[in-house]
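A short write-up of the structure that comes next.
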Amino acid sequence: MARGFTLIEMMVSLATGLLVVLSAGALLHQAHAVYLDLDDAALVQETGRLSLSHLRTVLSQANHLPWERALQSTSPVLRTGGLRGLDDRRNAAALDPQKNNFDAGTERGINQSDILMIGFFGSPDVGHVASCGSGAITSKRGDGNAGSDGRRSWVIYFIRQTGNNEPELHCRYHNAKGGIGKDAVASGIESMQVLYGVDSDTVNGADRWYSASQMTPALWRRVRLVRIALLVRGRHFNDRGGAAHSFDLLGPGPQTVSIATDKHPPRLRAVFETTVMLRNAVPMPGPGEPR
């Protein structure tokens with residue numbers, strides 16, 4: 001004769017089924033957390049490496065001169081050099097290097113981020129020299145004189161905050177129509193720190209590291225190395241603990257900048273650093289000009 005389950009058997013069955021469902025849910029949550037961690041780790045690595053690669057490429061153009069035209073010019077503009085920077089600033093919109101305006105005001109940078117300005121002339125072959133917006137820059141600009149005042153092209157890198165409160169590496173540049181172009185390079189970059197390796201005696205190459213606030217007009221012409229550090233964060237919140245609350249950039253040493261992140265949502269973060277040797281030398285100053 002068929003018989004049903006007793007109340008106790010049903011309760012045991014329900015409890016067992018509930019345990020199975022809860023275990024499956026816990027495994028699913030754990031698998032999802034691992035997926036997010038792996039996704040963030042890949043994103044942070046890709047963002048950091050590609051951003052440094054981009055900055056290295058553009059820095060290789062610093063001080064570039066169209067020698068086929070520059071040798072015909074006596075303008076002192078050629079000897080001012082195409083590299084400038086500001087410590088702990090964010091208002092890149094106030095800058096206009098083409099008009100010799102390198103002042104961004106007093107507004108502090110996001111997470112103490114620096115501003116990096118790179119100036120260069122174009123090349124006769126279209127596409128060999130490009131802005132950070134990938135627009136080709138030729139050596140024939142304006143009146144055609146590569147040494148004319150204000151004819152050097154500049155790109156400006158800085159950290160800005162987007163509308164959804166996400167930090168990103170951003171660049172400003174003069175576009176082909178003479179206006180100002182703006183492009184996001186990479187999202188998730190919380191801080192950019194820059195140091196400059198200076199050849200102080202013009203004999204044995206770079207022998208001293210300076211921050212932008214320690215530089216003088218004469219020292220800007222002697223920069224041979226640029227050291228860049230980026231603090232990159234992932235997109236997913238991580239509340240599982242163990243996340244670092246402070247990161248040291250450009251360390252160890254007196255130039256180290258410590259960025260505290262304990263006030264920010266916990267996320268995966270990593271520091272990326274590189275040193276770039278400038279390949280274009282600045283022509284020697286003329287008679288009576290400071291060295």
Single-linkage hydrophobic cluster Tyr157~Ile110, side-chain heavy atoms < 4.5 angstrom: yes
Intermediate values then yes/no, salt bridge (Lys or Arg N to Asp or Glu O under 4.0 Å), Asp40 and Arg233: CA-CA 8 Å; Asp40 259 359; Arg233 78 182 186 190; over 6 Å; no
Same apolar cluster: Val44 and Leu55, side chain cutoff 4.5 Å: yes
Side chain to side chain, Leu231 and Leu249, heavy atoms closer than 4.5 Å: yes
Spacing of CD belonging to Gln193 relative to CG belonging to Asp114, to within rounding of 0.5 Å: 4.5 Å
Polar contact flag, side-chain donor to acceptor under 3.5 angstrom, Thr256-Asp248: no
Ser53 side-chain N/O to Arg49 backbone N/O, donor-acceptor pair under 3.5 Å: no
Side chain to side chain contact (heavy atoms under 4.5 Å, CB included) evaluation trace for Val226 with Leu83: CA-CA 10 Å; Val226 178; Leu83 192 68; 3.9 Å; yes
Side chain proximity check, Arg90 to Arg108, heavy atoms < 4.5 angstrom: no
Leu86, Ile156, Ile228 screened by side chain to side chain contact (heavy atoms under 4.5 Å, CB included) with Leu116, the one that passes: Ile228
Check against side chain to side chain contact (heavy atoms under 4.5 Å, CB included), Asn165 and Gln161: CA-CA 6 Å; Asn165 210 32; Gln161 206 88 22; 3.3 Å; yes
Evaluation steps, salt bridge (Lys or Arg N to Asp or Glu O under 4.0 Å), between Arg267 and Glu190: CA-CA 12 Å; Arg267 303 195 194 191; Glu190 290 185 297; over 6 Å; no
Interatomic spacing from CD in Gln45 to CG in Leu268 - rounded to 0.5 Å: 8.5 Å
Rounded distance [0.5 Å steps], CD in Gln214 versus CH2 in Trp209: 12.5 Å
pair Trp154-Phe102: side-chain heavy atoms closer than 4.5 Å: yes
Beyond-backbone contact of Leu52 with Leu230, side-chain heavy atoms, under 4.5 angstrom: yes
Pair Asn164-Thr162, side-chain donor/acceptor within less than 3.5 Å: yes
Which atom of Gln255 lies closest to which atom of Leu195, heavy atoms considered: CB-CD1, 3.6 Å
Residue pair Met215 / Val198, side-chain heavy-atom distance below 4.5 Å: yes
Donor + acceptor pair across side chains of Arg227, Thr274 (<3.5 Å): no
Thr47 and its side chain to side chain contact (heavy atoms under 4.5 Å, CB included) partner, picked from Ile189, Leu169, Val185: Ile189
Heavy-atom side-chain contact between Leu219 and Tyr210 under 4.5 Å: yes
From Ser213 atom OG to Arg89 atom CZ, the distance as rounded to the nearest 0.5 Å: 9.0 Å
Interatomic spacing from CG in Asp183 to SG in Cys171 - rounded to 0.5 Å: 5.0 Å
Closest approach of Gln112 to Ser258 (non-hydrogen atoms, all atoms of both residues): NE2-O, 3.3 Å
Side chain to side chain contact (heavy atoms under 4.5 Å, CB included) between Val232 and Arg269, intermediate numbers included: CA-CA 6 Å; Val232 183; Arg269 291 177 169 88; over 6 Å; no
Linked, directly or transitively: Met117 and Val155 (ILVMFWY side chains, under 4.5 Å): no
Same cluster (ILVMFWY, side-chain, under 4.5 Å), Phe272 and Val58: yes
Tyr196/Leu225 under side chain to side chain contact (heavy atoms under 4.5 Å, CB included): CA gap, chis, key distance, verdict: CA-CA 6 Å; Tyr196 305 91; Leu225 301 173; over 6 Å; no
Ile259 and its side chain to side chain contact (heavy atoms under 4.5 Å, CB included) partner, picked from Ser191, Ser246, Ser113: Ser191
Closest non-hydrogen atom pair, Leu250 against Ala229: CD2-CB, 3.7 Å
Approximate separation, where rounding is to 0.5 Å, of Ser153 OG and Phe120 CZ: 6.0 Å
Flag side-chain contact, heavy atom, 4.5 Å: Val194 against Asp87: no
Hphob cluster co-occupancy, Trp220 + Leu59, side-chain heavy atoms under 4.5 angstrom: yes
